[in-house]
Structure formats: C-alpha cells, structure tokens
Amino acid sequence: TLFRSAASLPNGFALKEALQRAQDWMQEVDALQASGRVPVLDNLVELVSRGRCMPVHLDALPRLETLVSEVQTWKECASKTFLTQDSPFSLLEVLCPRCDACAMGVKKKQKKLKEPPGVTGKKCTKLENLADLERALCESKDTAAAMVTLGEARLKEMEALHTQRTLNERMLLPRSEEH
C-alpha cells in the first residue's frame, strides 16, 4: 500500500512547474496593480481563468473574481438600460461621447458658415473617433487620467452639439431676420 500512495503524489517537476506558473501569475497581477492603468475587462477575465486552473492557492484570485463579477454585472445592467435588443451599436458606442460628430460633421458645416471651430476654439485632434477614445482610455495611467480623457471628450461633444444647435436655429430663421 505504501507504493500505491506514493504513486498518487505529484512529482517534483510538476510541483516546481505549478509553483513557477503561480509565481508568474502573481507577478503579472502585481505588475498590473503597480502600473496604475485601468485594466481592460478581457485581461482580467483571462487572468482569472488562468488563476482558476492553478493547483495552488492564489491570494489575489478571489479579489479578481469579485472585481470581474461586479464589472460584468454593471455591464449587463448598463446594456439593459441603454441598448435595445436589436441594437447595431456596442455599449461603448452608446455610452461614449460622439467624437466623430465633432471631427467630421461639425467642421464641414463650420467651413460653410465661415465660423471659428467650436465654442472654445479648440480643435478635435486627439479624439477624432471611437477607436481613438478607446485607445486613450486603455493607455490611461489611472482612473483620474481616464476621467480627464472622458471629460475632454464630453466637452468636445458639447461643443459639437452647441454648434449644431446654432446651425439648426439659423436654418429655421427667415432670411429677413438674419440681416
């Protein structure tokens, strides 16, 4: 019976390999936390799934599982609130400011009216479309930087809306009132 018991124990190589994978995983989690960047949900899900496969106890795993669960719950709730069932748009497209309106439509109409760009005179150069905004958010060093990026996009959207409103009001005025 002693021989059978010894056969069921893992060998030294497998233990060393499992320990090394667990250490690599912990270093990855520590690096993610130390970077100060806001992690992308897909990266967290991938970390959690790899952590669950480890045959050792990982102290950070329950915290990451809770975080992923909370984010997924929020995402589902936001989707139910802001998206229709057959919506062709993603949640990010619906929640994000309309950078593309600022970059394309408003500039063309402003040229026609020979007005200066925007209310504050700023040009939409950094965040011209949804991909630029998503990239900027992923590159944000921390939550505060991400909030600043979203704030800038919001201001650009408000400028674009203000300009569009002005254009629409001018179109409604009879020609005699314009002069």
Side-chain angles (χ1 to χ4, degrees), residues 1-103 124-158 160-161:
T1 59
L2 181 62
F3 184 77
R4 286 185 184 175
S5 297
S8 65
L9 294 175
N11 64 27
F13 178 74
L15 287 173
K16 283 182 183 180
E17 185 179 317
L19 182 60
Q20 183 60 49
R21 286 187 307 150
Q23 287 173 338
D24 292 345
W25 187 89
M26 286 301 299
Q27 286 176 350
E28 197 173 338
V29 169
D30 291 342
L32 183 65
Q33 289 175 335
S35 73
R37 289 190 175 186
V38 178
V40 178
L41 179 60
D42 293 340
N43 294 350
L44 290 177
V45 168
E46 189 263 334
L47 269 174
V48 166
S49 66
R50 282 193 296 134
R52 286 179 179 157
C53 295
M54 304 263 177
V56 295
H57 175 74
L58 301 166
D59 291 334
L61 184 58
R63 187 180 52 206
L64 282 177
E65 288 173 327
T66 301
L67 180 62
V68 166
S69 175
E70 289 173 357
V71 170
Q72 287 174 333
T73 300
W74 177 87
K75 191 175 174 182
E76 288 170 10
C77 182
S79 292
K80 287 178 185 174
T81 303
F82 295 107
L83 293 175
T84 59
Q85 243 180 0
D86 298 327
S87 176
F89 303 106
S90 71
L91 182 60
L92 181 62
E93 289 171 322
V94 171
L95 294 179
C96 136
R98 293 205 42 211
C99 301
D100 56 338
C102 180
C124 298
T125 55
K126 184 178 179 186
L127 304 173
E128 292 190 6
N129 57 42
L130 186 61
D132 291 344
L133 180 62
E134 191 170 9
R135 178 189 39 77
L137 290 174
C138 287
E139 292 173 357
S140 296
K141 295 287 183 192
D142 55 17
T143 304
M147 295 306 293
V148 167
T149 301
L150 287 171
E152 290 172 1
R154 182 187 155 278
L155 286 175
K156 288 177 184 180
E157 179 183 20
M158 295 305 292
L161 289 172

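This structure is a prediction, so every number in the text was calculated from the model and none was measured.
Rounding to the nearest 0.5 Å gives a distance of 14.5 Å between NZ of K156 and CG of L161. We find the CG-CG distance between L32 and N43 to be 7.5 Å, quoted to the nearest 0.5 Å. In this structure, CE in M54 is found 10.5 Å from CD in Q23, a value given to the nearest 0.5 Å. Taking CG of L64 as the start and CD of Q33 as the end, the distance is 7.0 Å to the nearest 0.5 Å. For the atom pair CE (M26) and CG (D30), the distance works out to 5.0 Å, reported to the nearest 0.5 Å. The distance from the CD atom of Q85 to the NZ atom of K80 is 11.0 Å, given to the nearest 0.5 Å.
For A22 against V56, the heavy-atom pair with the smallest separation is CB-CG2, 3.4 Å. In terms of heavy atoms, A60 sits closest to V29 at CB-CG1, 4.1 Å.
Residues that satisfy the salt bridge (charged side-chain N to carboxylate O under 4.0 Å, His left out) test with E17, not counting sequence neighbours, are absent from this structure. Residues forming a side-chain contact (heavy atoms from CB on, under 4.5 Å) with R50 (at least two apart in sequence, or on another chain): W25, E28, E46, L47.
Between L83 and L91, some side-chain heavy-atom pair lies under the 4.5 Å cut-off.
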Listing, residues 65-76 side-chain donor-acceptor contacts under 3.5 Å, not counting sequence neighbours, or none:
residue: E65; atom: OE2; partner: R52; partner atom: NE; Å: 2.8
residue: T66; atom: OG1; partner: P62; partner atom: O; Å: 2.9
residue: T73; atom: OG1; partner: S69; partner atom: O; Å: 2.8

